Amino acid sequence: MKKLQKNWVIIVNVVIRQEKKFLISLKEFFQYSNYFEQILMQDPHNKRNGYMVRSLYFDTLDDKDFFEKKDGIETRRKIRLRLYDPKNDFAMLEMKQKQGSNQLKRSIRLFKDDAIALTKGNYSPLLKYEEPFAAECYGIMNY
């Protein structure tokens with residue numbers, strides 16, 4: 001972890017996981033929700049009625065990432081900017097890479113102004129972060 005500004009520590013998260021998704025009915029949702037509420041920890045971003053994640057996905061000009069996902073390509077990646085709360089002074093830049101059933105998710109916390117620059121197609125703010133992951137994202141997003 002490196003300090004970038006007073007009271008601001010840059011963190012690169014790395015998570016290796018398997019994601020399982022299931023289509024369930026509304027009745028099953030309420031049934032399982034009550035059960036899981038008893039045995040699982042809540043997401044720290046969760047509020048009483050959940051929360052709305054805001055995500056912006058960065059893809060190629062020909063939507064390569066989208067079509068790889070749609071076509072079920074085994075090895076693929078996607079880059080997104082994610083905001084959990086509009087009041088936060090930061091956003092998370094995340095890269096998810098999938099190979100078969102395994103998934104690697106890496107993320108870095110960006111200053112709000114830097115995140116806004118990315119939404120306008122200016123990826124150069126990533127170059128001021130010392131973490132190699134930021135430079136990797138910069139290279140991919142400019143490719």
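Here the structure is a predicted model, which means the values were calculated and not measured. All heavy atoms count here, side chains included; hydrogens, waters and symmetry mates do not. Start at 1 with the first residue, then count along the sequence.
Contact detail for Y129 and A134: the closest heavy-atom pair is CB-CB, 3.7 Å. Of all heavy-atom pairs between K112 and P86, the closest is NZ-O, 3.4 Å.
D85 places a side-chain N or O within 3.5 Å of a backbone atom of K87 that can act as its donor or acceptor partner. Under the 3.5 Å distance criterion, the side-chain polar atoms of D59 are matched with a main-chain donor or acceptor of K64.
Taking 4.5 Å as the limit, every side-chain heavy atom of D62 sits out of range of all side-chain heavy atoms of F67. Taking the side chain as every heavy atom from C-beta outward, R77 and E68 never approach each other to under 4.5 Å. Looking at heavy atoms from C-beta onward, L126 lies in side-chain contact with L118 at the 4.5 angstrom threshold.
Note on I116 and M92: separate hydrophobic clusters, where clusters join Ile, Leu, Val, Met, Phe, Trp and Tyr whose side-chain heavy atoms are under 4.5 Å apart, directly or indirectly. Linking ILVMFWY side-chain heavy atoms closer than 4.5 Å, directly or via other members, places M95 and I73 in two distinct hydrophobic clusters. Following chains of ILVMFWY side-chain contacts shorter than 4.5 Å, one cannot reach L40 starting from V15, and the two form parts of different hydrophobic clusters. By the rule that hydrophobic residues join a cluster once side-chain heavy atoms approach within less than 4.5 Å of another member, Y57 and L83 end up as members of separate clusters. When the side chains of ILVMFWY residues are joined at heavy-atom separations under 4.5 Å, either directly or via intervening members, Y32 and I39 end up in a single hydrophobic cluster.
More than 12 heavy atoms of other residues, nucleotides or ligands sit less than 6.0 Å from atom NZ of K96. When the shell of 6.0 Å around CD of Q99 is examined, it contains 12 or fewer heavy atoms from other residues, nucleotides or ligands. Within 6.0 Å of atom CD1 in I16, 12 or fewer heavy atoms from other residues, nucleotides or ligands are found, so the atom counts as exposed in its surroundings.
A cation-pi arrangement, defined by a distance under 6.0 Å to the six-membered ring centre and an angle within 45 degrees of its axis, is present between R109 and F90.
Note that the CZ atom of R76 and the CD atom of Q97 stand 12.0 Å from one another [nearest 0.5 Å]. The CD atom of E74 sits 8.0 Å away from the OG atom of S101 when rounded to the nearest 0.5 Å. K98 NZ to K78 NZ: the interatomic distance, rounded to the nearest 0.5 Å, is 9.0 Å. Note that CG of L127 and SG of C137 are 11.5 Å apart. Values are rounded to the nearest 0.5 Å. Atom CZ of R82 and atom CG of L93 lie 11.5 Å apart (nearest 0.5 Å). Taking CZ from F29 and CG from L26, the interatomic distance works out to 7.5 Å, rounded to the nearest 0.5 Å.
Test E136, E94, E131 against R106 for salt bridge (Lys or Arg N to Asp or Glu O under 4.0 Å) and you get one pass: E136.
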> What do the steps show when you test Q18 against N102 for side chain to side chain contact (heavy atoms under 4.5 Å, CB included), and what is the final call?
Replying inline: CA-CA 5 Å; Q18 289 189 358; N102 296 317; 3.1 Å; yes
